[in-house]
Amino acid sequence: MRPRIQAVALPSEIGEFAEDVRRIFLELGRASGSGSADALTGDCNPPVDLYETDEALEIAMDVPGVSADSIRVLVKGASLLIAGEKLPRRGRGDSSFHLVERGFGRFVRLLRLTSACDAGRARAVLTRGELRITVPKIVERRGRSIAIAITTDRPVA
């Protein structure tokens, strides 16, 4: 049975990434002209699916209308952070909104990866509003029997 994967997005757990999140929001704010990096939490909460195959952990996040330049993915230890910004939709000059249900703003999602992963081989692809991240797993070696050859010391003559 595979271990459960924890997909948690609690602001209290973002502490280990606090400086990274501030830097990302500042960088994204400069690009969009939206300003400061004070808040560590997001205004927007894109849905995330996280599942495990025999070879990898797969993450899928719905981010329609968000460009690849507006998203950052970081891995530290057993945590994967996805942070970004979805800009608000602009109404036409001769119209006004009557209903707004689609979220926008900054977002931060923190995922705990419970399997040993090779972050150096991770890949992220944004296609038609879906961000797909694949993090290959490392074969678990603990608990596996490994035969170790025994040599003998030969006396020096």
Side-chain angles (χ1 to χ4, degrees), residues 1-90 99-148:
M1 180 172 198
R2 292 190 177 118
R4 291 179 76 60
I5 299 170
Q6 300 171 4
V8 182
L10 300 174
S12 61
E13 292 190 331
I14 297 176
E16 67 190 79
F17 286 93
E19 206 44 52
D20 296 307
V21 172
R22 281 189 189 91
R23 182 184 46 76
I24 289 168
F25 282 168
L26 189 60
E27 181 183 306
L28 293 175
R30 273 192 230 116
S32 68
S34 62
S36 79
D38 295 335
L40 290 181
T41 59
D43 307 319
C44 180
N45 194 21
V48 173
D49 290 340
L50 183 96
Y51 54 95
E52 182 175 2
T53 66
D54 290 337
E55 296 82 32
L57 295 178
E58 302 279 340
I59 297 106
M61 175 185 258
D62 289 339
V63 286
V66 179
S67 71
D69 293 337
S70 296
I71 303 171
R72 302 294 183 273
V73 179
L74 301 173
V75 176
K76 274 189 185 176
S79 298
L80 182 134
L81 178 95
I82 305 168
E85 184 173 24
K86 181 178 181 181
L87 298 176
R89 186 165 184 255
R90 306 280 186 232
L99 176 66
V100 177
E101 291 185 343
R102 297 185 296 171
F104 62 89
R106 296 173 174 171
F107 57 87
V108 178
R109 299 300 304 265
L110 179 66
L111 307 172
R112 294 282 179 201
L113 308 175
T114 57
S115 293
C117 295
D118 185 355
R121 294 188 315 140
R123 298 288 174 256
V125 177
L126 181 63
T127 307
R128 294 189 305 269
E130 180 181 68
L131 177 65
R132 285 200 160 271
I133 304 166
T134 303
V135 187
K137 292 187 339 188
I138 296 171
V139 176
E140 182 63 54
R141 292 185 177 99
R142 289 180 281 174
R144 196 174 88 190
S145 297
I146 300 172
I148 299 173

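Keep in mind that the numbers below use all heavy atoms, side chains included, and drop hydrogens, waters and symmetry copies. All residue numbers in this chain count up from 1 along the given sequence.
Scored by the side chain to side chain contact (heavy atoms under 4.5 Å, CB included) test, Arg121 finds Asp118, Pro136 as partners (sequence neighbours excluded). Among residues two or more places apart in sequence or in another chain, the salt bridge (charged side-chain N to carboxylate O under 4.0 Å, His left out) test is passed with Glu58 by none. The side chain to side chain contact (heavy atoms under 4.5 Å, CB included) check on Pro64 picks up Asp62, Lys86, with sequence neighbours excluded. For Ala124, the side chain to side chain contact (heavy atoms under 4.5 Å, CB included) partners two or more places apart in sequence, or in a different chain, are Leu131, Ile133.
One finds the OG atom of Ser79 at 8.5 Å from the CG atom of Leu111 (value rounded to the nearest 0.5 Å). In this structure, the separation between CZ on Arg72 and CD on Glu27 is 4.0 Å, given to the nearest 0.5 Å. Atom CZ of Arg112 sits about 11.0 Å away from atom CG of Leu80, to the nearest 0.5 Å. Here OG1 of Thr114 is found 8.5 Å from CG of Leu50. Values are rounded to the nearest 0.5 Å.
Looking at every heavy atom in both residues, Ile71 comes nearest to Phe107 through CG1-CZ, 4.2 Å. Contact detail for Lys137 and Asp54: the closest heavy-atom pair is CE-O, 3.4 Å. Contact record, Ile24 with Ala83: CG2-CB, 4.0 Å, taken as the closest heavy-atom pair. Residues Cys117 and Ile138 share a closest heavy-atom pair of O-CD1, 3.2 Å. What you find for Glu52 and Ser115 is that their closest heavy atoms are OE2-OG, 3.0 Å. Across all non-hydrogen atoms, the minimal contact from Ala56 to Thr134 is CB-CG2, 3.8 Å.
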